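The next block holds one structure in the form of structure tokens; read it before the comments.
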Amino acid sequence: MKKWLFVLFAALACAGSAQSAERKVLRLAFTKAETSFDPARIVDLYSRTVTAHIFEAPLTYDHLARPFKLKLLTAESMPEHSPDYRVWTIKIRPGIYFADDPAFKGQRRELVAADYVYQIKRIADPKNKSPVVASVLETKYIGLNALRDEAVKNNKPFDYDKPIAGLSAPDRYTLRIELEEPRPGYTESFAGSDLLGAVAREVVEHYGDQIDAHPVGTGPFKLKSWRRSSEIVLERNPQYRERYYDAEPAPDDKAGQAILAKLKGKRLPMVDEVRVAIIEQSQPMWLSFLNTEVDGLVTNAGRVPPDFLGIAMPGGKLAPFLAKRGIQGLRNVNPDSGLAYFNMEDSVVGGYTPEKIALRRAISLAYDVDFEIRNIRRGGIRAQSPVVPHTVGYDPKFKSEMGDYDPARAKALLDLYGYLDRNNDGWRELPDGKPLTIEMASQPDDLSRKFDELWKKNLNAVGIRIVFRQAQWPENLKAARAGKLQFWQLGSSAASSDGQGALGRLYGPQAASQNLARFKHAEFDKIYQRMREIPDGPEREALFLKAKQIAVAYMPYKHTAHRMEADLLHGWVVGYRRPLFWQEWWHMVDIDTDRQAELLH
């Protein structure tokens with residue numbers, strides 16, 4: 001009986017191999033559910049990872065170059081700017097087309113510069129309630145803020161047809177940007193395919209409220225099917241233009257040069273389909289990889305579960321039992337940060353008075369980051385500020401209280417500012433004698449439970465009671481933006497090489513957007529505004545330092561660790577390299593079907 005079952009399994013495996021030889025399918029997983037595929041209505045990593053493969057910005061990042069390098073995507077040439085960095089122009093290449101869709105009524109729809117203007121305006125449209133609207137408005141495109149204010153004030157639809165100087169298309173293929181203030185770092189804004197990729201107005205108007213399920217772009221893939229919070233399937237865009245693999249790894253980058261040698265000249269995308277399963281629990285995620293149901297546990301969106309990192313890569317090296325199966329293992333320090341935010345408008349943990357600051361600092365000092373790194377994340381670097389590795393402004397020598405674990409100092413702060421156990425029940429009260437309870441949002445998954453246990457253990461040890469309110473991750477994100485959560489832990493990844501992006505989480509005008517803590521501080525805002533206007537150099541470095549010091553002093557966020565993640569891939573996946581600031585890479589890898597058949601037998 002057992003022998004018969006084995007023969008049957010082998011036959012099925014061979015059949016699967018034959019099928020994969022005909023059609024290359026890249027199978028991946030996300031640890032959290034997506035929220036939408038409308039670029040104007042998303043900010044979460046999972047949704048952005050999908051939209052980055054459907055929509056296209058004028059520029060992209062070289063897949064292999066480290067440090068990063070920008071290259072042309074839909075642009076005909078690199079952007080040009082005025083001497084004062086206020087006016088930017090970029091030429092879009094003619095002959096690029098959107099994927100076919102009923103919205104186009106049987107006609108081929110060419111990409112034009114106005115499609116980029118339209119997408120930025122969509123983010124500004126109050127109707128869309130874009131979670132990144134603050135970032136767009138603070139860029140200060142001439143006329144855009146006034147156009148939005150007009151719609152809000154008069155309670156009228158946003159006027160997409162009204163011309164503004166800040167966003168224009170002087171001709172079919174020229175995109176012109178005019179800004180109220182200098183923006184030396186604007187170049188990377190042209191590389192945001194996930195949020196700022198071109199969107200056709202006809203598609204939005206055709207699908208209306210259903211637009212989040214009908215993404216139509218010029219990119220290498222199109223949405224084939226979507227079962228919300230369960231499975232996402234993309235397929236090769238049959239109308240995708242001729243584009244071939246090329247990259248510029250450094251001459252001494254042996255791994256990058258090897259990938260280039262294998263793939264240079266291949267037409268993109270190299271896979272026919274990408275299937276993404278949503279697997280929130282650690283053990284099913286791990287088993288799906290071991291059982292070859294998933295080709296890779298890769299990037300922050302679908303990483304190796306920390307519970308199994310010690311098994312997979314003990315001491316940072318691939319475990320022998322995985323190496324024997326031809327599995328590839330890579331480790332990387334991410335340009336990201338784990339963090340917990342305090343709602344600064346909350347009556348318990350918010351506020352700017354000394355006793356409120358003391359409470360947040362005490363909670364920060366009570367939390368054992370090293371335990372988190374060793375036993376939950378299985379690797380990482382203690383965060384000392386909001387600014388993350390691989391970005392401008394990150395200083396590995398910078399040291400602050402943000403990275404300290406000191407329960408004794410936490411207790412002393414609480415005692416000094418009146419958080420005392422007045423009734424001897426083991427729990428501290430607020431300075432006014434009312435009960436002190438911290439309410440932390442969480443999710444019902446294995447990893448979140450481990451973090452919850454550590455927070456509970458650490459805060460209880462200094463006499464603070466903590467309770468957890470569980471919901472699915474998208475629900476918590478929605479509540480966080482609405483200012484309805486008191487305390488929540490999540491992660492933040494860099495979207496560009498400029499560390500100022502991380503500081504946006506403390507910028508007042510971004511409250512309810514990137515600034516989930518709703519932190520508002522006049523001096524910080526002035527620093528942030530000045531940093532946008534000047535190029536990198538000594539003055540900007542000094543401002544980075546001041547901004548970090550304010551972040552530590554007021555502690556609206558407890559940044560914990562810059563994650564050291566592992567990527568595991570089966571041996572048939574060719575060409576993977578973890579992106580730094582971008583999400584798109586699915587079209588840059590291949591499936592070696594011969595190797596797949598060999599390893600599956």
Side-chain angles (χ1 to χ4, degrees), residues 32 34-52 54-58 115-141 144-145 147-149 151-152 158 160 166-167 177 179 183 185-186 188-199 204 211-212 215 217 300-301 335-336 339 341 386 391 473-474 476-483 490-519 528-529 532 581-584:
K32 297 286 187 298
E34 73 297 332
T35 57
S36 168
F37 298 140
D38 179 359
R41 299 179 181 179
I42 60 175
V43 72
D44 63 286
L45 172 66
Y46 314 97
S47 302
R48 286 167 45 218
T49 300
V50 176
T51 58
I54 295 174
F55 301 95
E56 290 182 310
D115 296 320
Y116 291 107
V117 172
Y118 178 65
Q119 174 54 15
I120 296 175
K121 284 185 175 181
R122 288 192 70 231
I123 293 175
D125 185 347
K127 177 185 175 182
N128 291 324
K129 299 178 181 179
S130 175
V132 296
V133 64
S135 297
V136 167
L137 294 180
E138 75 173 42
T139 304
K140 296 193 175 180
Y141 300 92
L144 184 62
N145 292 31
L147 194 61
R148 174 185 167 87
D149 291 343
V152 173
F158 187 88
Y160 285 93
L167 291 164
I177 306 293
L179 307 173
R183 291 289 184 271
Y186 189 82
E188 282 189 81
S189 297
F190 289 113
S193 291
D194 51 353
L195 300 178
L196 299 177
V199 174
V204 176
I211 186 60
D212 68 329
N300 291 352
D336 69 12
L339 58 93
Y341 85 85
T391 66
W473 195 88
N476 277 334
L477 181 61
K478 183 178 180 180
R481 291 186 190 136
L490 65 164
S492 175
S493 298
S496 75
S497 65
D498 190 353
Q500 186 170 0
L503 297 179
R505 289 199 174 277
L506 295 100
Y507 183 50
Q510 288 203 26
S513 179
Q514 290 293 88
N515 183 358
L516 295 178
R518 298 172 176 249
F519 180 70
Y528 186 88
Q529 291 160 5
R532 292 183 312 195
F581 316 119
W582 55 99
Q583 317 307 328
E584 58 268 34

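What you are looking at is a predicted structure, and each value in this text was computed from that prediction instead of being measured. In this chain, numbering begins with 1 at the start of the sequence shown.
Between Tyr186 and Tyr141, the two ring planes are perpendicular [angle over 60°; tilted spans 30° to 60°].
Atoms CZ and CD, on Arg532 and Glu138 in that order, are 4.5 Å from each other to the nearest 0.5 Å. Note: Arg122 CZ to Lys127 NZ = 9.0 Å, rounded to the nearest 0.5 Å. Once rounded to the nearest 0.5 Å, the distance linking CZ of Phe55 with CD of Glu584 reads 13.0 Å. Atom-to-atom distance recorded for Asn128:CG and Ile123:CD1 is 9.0 Å, nearest 0.5 angstrom. If you take OG on Ser513 and CZ on Arg481, they are separated by 7.5 Å, rounding to the nearest 0.5 Å. Here CG of Leu506 is found 11.0 Å from CG of Leu516. Values are rounded to the nearest 0.5 Å.
Closest non-hydrogen pair, Arg505 versus Asn515, comes out as O-OD1, 2.7 Å. Closest non-hydrogen pair, Ser496 versus Thr391, comes out as O-CG2, 3.8 Å. Considering every non-hydrogen atom in both Leu196 and Ser189, the closest pair reads CD1-O, 3.7 Å. Taking each heavy atom of Lys121 and Leu147 in turn, the nearest pair found is CE-CD2, 4.5 Å. Here the closest non-hydrogen pair linking Pro39 and Val199 is CG-CG2, 4.4 Å. Pairing each heavy atom of Ala482 with each of Arg518, the nearest pair is C-NH2, 3.1 Å.
In this structure, Glu188 contributes its side chain and Ser497 its backbone to a donor-acceptor pair below 3.5 Å. A distance-only check finds a donor-acceptor pair linking the side chain of Ser47 to the backbone of Thr35 [under 3.5 Å]. Here the side chain of Gln119 pairs a donor or acceptor atom with the backbone of Leu195 at under 3.5 angstrom. Panel note: side chain Gln500, backbone Tyr528; a donor-acceptor pair is recorded below 3.5 Å. With hydrogens and angles ignored, the 3.5 Å screen pairs a side-chain donor or acceptor of Arg148 with a backbone N or O of Ala124. Checked by atom type and distance alone, the side chain of Ser193 pairs as donor or acceptor with a backbone atom of Ala57 at under 3.5 Å. A donor-acceptor pair under 3.5 Å is absent between the side-chain atoms of Ser36 and the main chain of Ile42, judged by distance alone.
Partners of Asp336 under the side-chain hydrogen bond (donor to acceptor under 3.5 Å, both in side chains) rule, at least two apart in sequence or in another chain, are Asn300, Asn334, Arg563.
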Full working for side chain to side chain contact (heavy atoms under 4.5 Å, CB included) between Tyr116 and Leu167: CA-CA 9 Å; Tyr116 291 107; Leu167 291 164; over 6 Å; no
Quick one: do Tyr341 and Leu490 satisfy side chain to side chain contact (heavy atoms under 4.5 Å, CB included)? Show the steps, please. CA-CA 8 Å; Tyr341 85 85; Leu490 65 164; 4.0 Å; yes
Please report the C-alpha distance between Leu144 and Val136 in whole Å, then the side-chain angles of each, then the deciding distance to 0.1 Å, and finally whether the side chain to side chain contact (heavy atoms under 4.5 Å, CB included) criterion is met. CA-CA 9 Å; Leu144 184 62; Val136 167; 3.8 Å; yes
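Val43 is listed as a side-chain neighbour of Gln514, based on a closest heavy-atom distance under 4.5 Å.
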